[in-house]
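Working notes for the structure below.
To find a chain, count down the sequence lines: A is the first, B the second, and so on, and within it residues start at 1.
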Amino acid sequence: MIIGLYNDWVVVVLMMIGLYIVIAHGNLIKKIVGLAIFQTSVFILYISMAKVEGGSAPILAEGIKQFSNPLPHVLILTAIVVGVATTALGLALVIRINEAYGSIEEEDIQHLDNQTQDETELQATEGEQS
Amino acid sequence: MKDLFAVVMLLGIYSLLSASFFVAMDAVDVAFTEAAVGAGISTLLMLVVITITGRSEKTTRHKPLLALLVVVFTGSMLIYGTFDMPYFGIADAPIHSHVAPRYIQESMKEVGIPNIVTSVLASYRAFDTFGEVVVIFTAGIGVMALLSVGRRPEENEKTTAIDDSMHEQYLVIRIVTKMLIPFILLYALYVQFHGDFGPGGGFQAGVIFAAAIILYTMLFGLTTARKVINQSFIQFIAAAGVLLYGCVGIVSMLNGANFFDYNALASDPVAGQHLGILLIEWGVGCTVASVMIMIFFNFAERREMQQNNEKINNIEGDSL
């Protein structure tokens, strides 16, 4: 039955929601939220691959024969903590951008950048003329 | 949704929900971590950032049609790709036929602890985990480099007084938190040492420990928290954790085995494994807890500095 792939489809839908937020929203905090959603979808992909029907959590105990695969659990466990550390790094960059530009909207930042570029070009041409 | 506060809160709820997904799919260790990290620490960090940058998004005029097109196209390609994937929950999928059976059948004999996730994390794939710890440490250093205020300006008497009176408003929360914090710290230690037998371990324990300290900082202010925990001490512990982890590998190398081969740490291989796992879980716990605290302190410090600057500007503006 093709419906047995529903776990992958859930992952794809979540992943695309995350990607859409990253592309379509100009606000830097929202971009980081989009990345977090994308990240969680990858976690769900790994964990759903590890699941075995009728299996139990991978902690050895009497009378349990079937376990889910422990390896993806290990990979994702560390990935979650690394994920929050890198998210913190991203947020730190957002704070610095906010200090430098006074805004966290992509459009405003681009606008300010273009302005300063124009000004420097103007100054350069004035310098050549004089 | 233009209110970023609501966005961040929804992200926290989503994290908690995905943690319950993980429990349903037998990944108790992962669920534990996701609940502590996603719903706890990362939500908090985002909240601190939106207090600095402002909590509403500007409305944009451009149409996201192209983005929608790209996303739908990529999504349908990915769905097409899933048609070759094994179905959900099938026991003979390729992923279950390589190293996993060995972990499940031999780990009790070779490592001697019931929680397979911990024995894979700390023993079979110790090198991998070492890399992750170094990444966390590096991220902590990166945040410090970006946000550290450096030399702290002299305490402005007026602003600290305002902060104190503000904190006294939430008397109930303060007293309840004061009662809860010792239990949270104790629970973190339990998670740290019980990781061999049940869900838990250094990563989760570190995050829970850091959450207790962050709770304290939020309610009693950064200056009080700094008196309890010295920031340079925290930085020292973060480095010491990584060092402890690496040293365990080097000691096993000096004893004539491979890097992170704990069998050589004691005369009995299983006892050596126990010792090695205990030590590196300590290293992981110390590094994770102190990096999280360090990150939060730096964010809070930045926020305090900006608020002070604004206040000083306001006072100067009034006097003019």
Side chain / backbone / both / neither for B:Val28 at chain A, heavy atoms under 4.5 Å: side chain
A:Val12 to B:Gly75 - nearest heavy-atom pair and separation: CG1-O, 3.6 Å
Is any side-chain heavy atom of A:Ile76 closer than 4.5 Å to one of B:Glu34? no
What part of B:Tyr14 gets closer than 4.5 Å to chain A, counting heavy atoms only: side chain, backbone, both or neither? side chain
Is it the case that over 12 heavy atoms from other parts of the model lie below 6.0 angstrom from the CZ atom of B:Phe130? yes
Going from CZ on A:Phe67 to CD on B:Gln105, what distance comes out if it is rounded to the nearest 0.5 angstrom? 10.0 Å
Among A:Gly54, A:Ser103, A:Ser56, which has the most heavy-atom pairs under 4.5 Å with chain B? A:Ser56
Check whether any side-chain heavy atom of B:Asp128 lies under 4.5 Å from a side-chain heavy atom of A:Thr78, and answer yes or no. no
Find the one option among A:Asp108, A:Thr86, A:Val13 whose heavy-atom pairs under 4.5 Å with chain B are most numerous. A:Asp108
Heavy-atom proximity to chain B below 4.5 Å, by part of A:Asn27: both
With rounding to the nearest 0.5 angstrom, report the NE2 to CG distance, A:His73 to B:Asp26. 6.5 Å
Assess whether atom CZ of B:Phe83 is packed by more than 12 heavy atoms of other residues, nucleotides or ligands within 6.0 Å. yes
Go through the atoms of B:Val291 and report whether side chain, backbone, both or neither lie under 4.5 Å from a heavy atom of chain A. neither
At a heavy-atom separation under 4.5 Å, does A:Ile80 approach chain B through its side chain, its backbone, both, or neither? both
Measure A:Phe43 against the heavy atoms of chain B and call it side chain, backbone, both or neither at under 4.5 Å. both
Are there more than 12 heavy atoms of other residues, nucleotides or ligands under 6.0 Å from atom OH of B:Tyr124? yes
Side chain, backbone, both or neither: which part of B:Leu10 has an atom under 4.5 Å from a heavy atom of chain A? neither
Run the numbers on B:Ser107 and A:Leu60 for side-chain contact (heavy atoms from CB on, under 4.5 Å), then give the verdict. CA-CA 9 Å; B:Ser107 73; A:Leu60 296 169; 4.0 Å; yes
What part of B:Ala24 gets within 4.5 angstrom of chain A, counting heavy atoms only: side chain, backbone, both, or neither? backbone
B:Val99, part contacting chain A, at a heavy-atom distance under 4.5 Å: side chain
Below 4.5 Å, heavy atoms only, C-beta onward: do B:Asp29 and A:Pro70 meet side chain to side chain? no
So which atom in A:Ile47 and which in B:Ala27 form the shortest heavy-atom distance, rounded to 0.1 Å? CG2-CB, 3.7 Å
With the side chain counted from C-beta on, respond yes when B:Val49 and A:Ile29 share a heavy-atom pair under 4.5 Å apart, and no when they do not. yes
Non-hydrogen contacts under 4.5 angstrom with chain B: give the residues of residues 87-99 of chain A involved, or none if there are none. A:Thr87, A:Ala88, A:Leu89, A:Leu91, A:Ala92, A:Leu93, A:Val94, A:Ile95, A:Arg96, A:Asn98, A:Glu99
Considering only heavy atoms and a distance below 4.5 Å, find which of B:Arg303, B:Arg302, B:Met108, B:Met85 pairs most often with chain A. B:Arg302
Should we say atom CD of B:Glu106 is surrounded by more than 12 heavy atoms from elsewhere, each under 6.0 Å from it? yes
Is there a donor-acceptor contact under 3.5 Å from the side chain of A:Asn69 to the main chain of B:Ile95? yes
Rounding to 0.5 Å, atoms CD1 (A:Ile59) and CZ (B:Phe197) come to a distance of 11.5 Å
What residue among B:Leu78, B:Val72, B:Val70 forms side chain to side chain contact (heavy atoms under 4.5 Å, CB included) with A:Met16? B:Leu78
Heavy-atom check, side chain of A:Met15 versus side chain of B:Thr74, under 4.5 Å: no
Grab the two heavy atoms, one from B:Ala91 and one from A:Gln66, that are nearest each other, plus how far apart they are. CB-NE2, 4.4 Å
Is there a side-chain contact between A:Ile37 and B:Leu11, using heavy atoms and a 4.5 Å cut-off? yes
Given side-chain contact (heavy atoms from CB on, under 4.5 Å), test B:Leu4 with A:Lys30 step by step and report yes or no. CA-CA 8 Å; B:Leu4 289 177; A:Lys30 274 207 172 165; 3.8 Å; yes
Contact class of B:Pro86 relative to chain A, heavy atoms under 4.5 angstrom: backbone
With side-chain contact (heavy atoms from CB on, under 4.5 Å) as the criterion, how do B:Glu132 and A:Val81 come out once you've worked through the C-alpha distance, each side chain's angles and the decisive distance to 0.1 Å? CA-CA 9 Å; B:Glu132 311 270 16; A:Val81 183; over 6 Å; no
Under a 4.5 Å heavy-atom cut-off, does chain B meet the side chain of A:Val33, its backbone, both or neither? both
Nearest 0.5 Å, what's the CD-OG1 distance between A:Glu105 and B:Thr53? 9.5 Å
Between B:Ile113, B:Ile104, B:Leu45, which shows the greatest number of heavy-atom pairs under 4.5 Å with chain A? B:Ile104
Worked verdict on B:His98 versus A:Leu71 for side-chain contact (heavy atoms from CB on, under 4.5 Å): CA-CA 10 Å; B:His98 291 288; A:Leu71 185 59; over 6 Å; no
Heavy-atom pair count under 4.5 Å with chain A, highest-scoring of B:Thr129, B:Ile295, B:Ile79, B:Val284: B:Ile79
Tell me, side chain or backbone of B:Leu121 under 4.5 Å from chain A's heavy atoms, or both, or neither? both
Closest heavy-atom contact between A:Pro58 and B:Val117? CG-CG2, 3.7 Å
